[in-house]
2 protein chains.
Amino acid sequence: MHEWLRKAGNETVIARMRQAGIRPTRQRNELANLLFRNGHRHLTAEMLHAEVLAEGIQISLGTIYNTLRQFTQAGLLLEIVVNPTRSYFDTNTVQHQHFYCEDDDMLVDISGTKITVTDWPTPPSGTQVKRVDVVVHVRRH
Amino acid sequence: MHEWLRKAGNETVIARMRQAGIRPTRQRNELANLLFRNGHRHLTAEMLHAEVLAEGIQISLGTIYNTLRQFTQAGLLLEIVVNPTRSYFDTNTVQHQHFYCEDDDMLVDISGTKITVTDWPTPPSGTQVKRVDVVVHVRRH
DNA sequence: ATTTGTGCAAATCGTTTGCATCTGA
DNA sequence: TCAGATGCAAACGATTTGCACAAAT
């Protein structure tokens, strides 16, 4: 394991990668570092790729897409579906919601304790509730 | 105006098309008929195109995409963003929410009076709330 | 040594667009 | 008449995939 991962307190990320059967390779470790070293973030594959290049690291866009998918499957990331033309990934995987401004394609967190959804009807027969996503669409004025 | 549109009680659709500066052409009228003649529906461009073909009507897929976009801009349809790979359109434009089952790509309405969202924080500065979308993700069991 | 990941380029898929032709007002 | 709509095929942009090579266990 790389030293910076240990320092960054990402044992849990590494552990979850292993647990999900994902080998900690150089590219995946570097992506995990970029994603999780600071506070929580919302980003697209392209944004992450740009960041990788800016750091002088070499990782292909294809590998970034693959890694984002694997991390999402492993529960390390959450995919946010607000824009039909591109997928956002959220490094914060605990229950919370979002403001979304289409005008500037901006996502802002709403803490899970700051919003309440109640009284939804019983789900269609044969199904059970997995997750409740709320998007508060806003516009600039 | 075509007789079936009058019969179907779609004066309001025609009126809103005109008001939005959308000419009621043959293709747009036939699409409006398919969309609004019966109860409310959730459909993709491809689904609507298949239905058009099944009715023996000839409308190109490109025109269907354009028309869905125009109808959405005119407020006749609502675009539902639940699946990053394809856009759904809802003929029900009054405030309501959805169950979504990823397993079979199925959307089910939740009446606007059957679900409550409260207590969201003040929106980011410079913005105002436009709409609140709730998706209750369910899984088959 | 064997399995799994990576890079690259090509393929895919939903959607949009350019342009010549047609149509509705 | 003539602005605006349609059809078709080509263009597009995000994402996935096939395959030869490289790295991890």
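Each chain gets a letter, A, B and so on, in the order its sequence line appears, and its residues count up from 1.
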Q: Starting from C1' on C:dC8, measure out to NE2 on A:His49 and report it in whole angstrom.
A: 12 Å
Q. Any donor-acceptor pair under 3.5 Å between the side chain of A:Arg23 and the base of C:dT3?
A. yes
Q: Could you state the atom-to-atom distance from CD of B:Gln70 to C1' of C:dT16 in whole Å?
A: 12 Å
Q. Under 3.5 Å, side chain of B:Asn29 to main-chain N/O of B:Thr25, donor-acceptor pair present?
A. yes
Q: Provide, to the nearest angstrom, the distance between the CD1 atom belonging to B:Ile22 and the C1' atom belonging to D:dG4.
A: 12 Å
Q. Are B:Arg41 and B:Asp90 ion-paired here, with the side-chain N under 4.0 Å from a carboxylate O?
A. no
Q.
Taking the ring centre of each residue, are A:His98 and A:His96 less than 6.0 Å apart?
A. yes
Q: Check whether any side-chain nitrogen or oxygen of B:Gln58 sits under 4.0 Å from OP1 or OP2 of D:dC8, and answer yes or no.
A: yes
Q: Before accepting this row, confirm whether a basic side-chain N of the pair B:Arg37/B:Glu55 lies closer than 4.0 Å to the acidic partner's carboxylate O.
A: yes
Q) Over how many whole Å does the gap from B:Glu30 atom CD to D:dG7 atom P extend? A) 10 Å
Q. Are the side chain of A:Gln95 and the backbone of A:Gly112 linked by a donor-acceptor contact shorter than 3.5 Å?
A. no
Q. Does B:Asn92 reach the main-chain N or O of B:Val94 with its side chain, forming a donor-acceptor pair under 3.5 Å?
A. yes
Q. Taking five pairs at each end of the helix from C:dA1-D:dT25 to C:dA25-D:dT1, what angle separates the two helix axes (nearest 10°)?
A. 30°
Q: Check whether any side-chain N or O of B:Arg28 sits under 4.0 Å from OP1 or OP2 of D:dA5, and answer yes or no.
A: yes
(Q) Rounding to an integer number of Å, can you tell me how far A:Asn29 CG sits from C:dT6 C1'? (A) 14 Å
**Q.** Heavy-atom neighbours of A:Glu102 CD exceed 12 at 6.0 Å
**A.** no
Q: Between B:Thr63 and A:Ile64, just flag the one whose closest nucleotide in DNA chain C comes earlier from the 5' side.
A: A:Ile64
Q. How do A:Asn66 and A:Gly62 order along DNA chain C: which one's closest nucleotide is nearer the 5' end?
A. A:Asn66
Q | Side-chain ion pair, B:Lys114 and A:Asp119, N-O less than 4.0 Å | A | no
Q: Write down the distance between CG (B:Leu43) and P (C:dG14), rounded to a whole number of angstrom.
A: 15 Å
Q. Distance check: side-chain N/O of B:Gln27 vs OP1/OP2 of D:dG4, anything under 4.0 Å?
A. no
Q. Which residues pass the salt bridge (charged side-chain N to carboxylate O under 4.0 Å, His left out) test with B:Arg28, sequence neighbours left out?
A. none
Close N/O contacts between protein and nucleotides 11-15 of chain D (under 3.5 Å):
unit_1: D:dT15; atom_1: OP1; unit_2: A:Ser87; atom_2: N; d: 3.0
unit_1: D:dT15; atom_1: OP2; unit_2: A:Tyr65; atom_2: OH; d: 2.6

Q: Rounded to the nearest angstrom, tell me the gap between atom CG in A:Leu31 and atom P in C:dG5.
A: 14 Å
Q) Quick one: A:Met17 CE to D:dA24 P, roughly how many Å, whole number? A) 12 Å
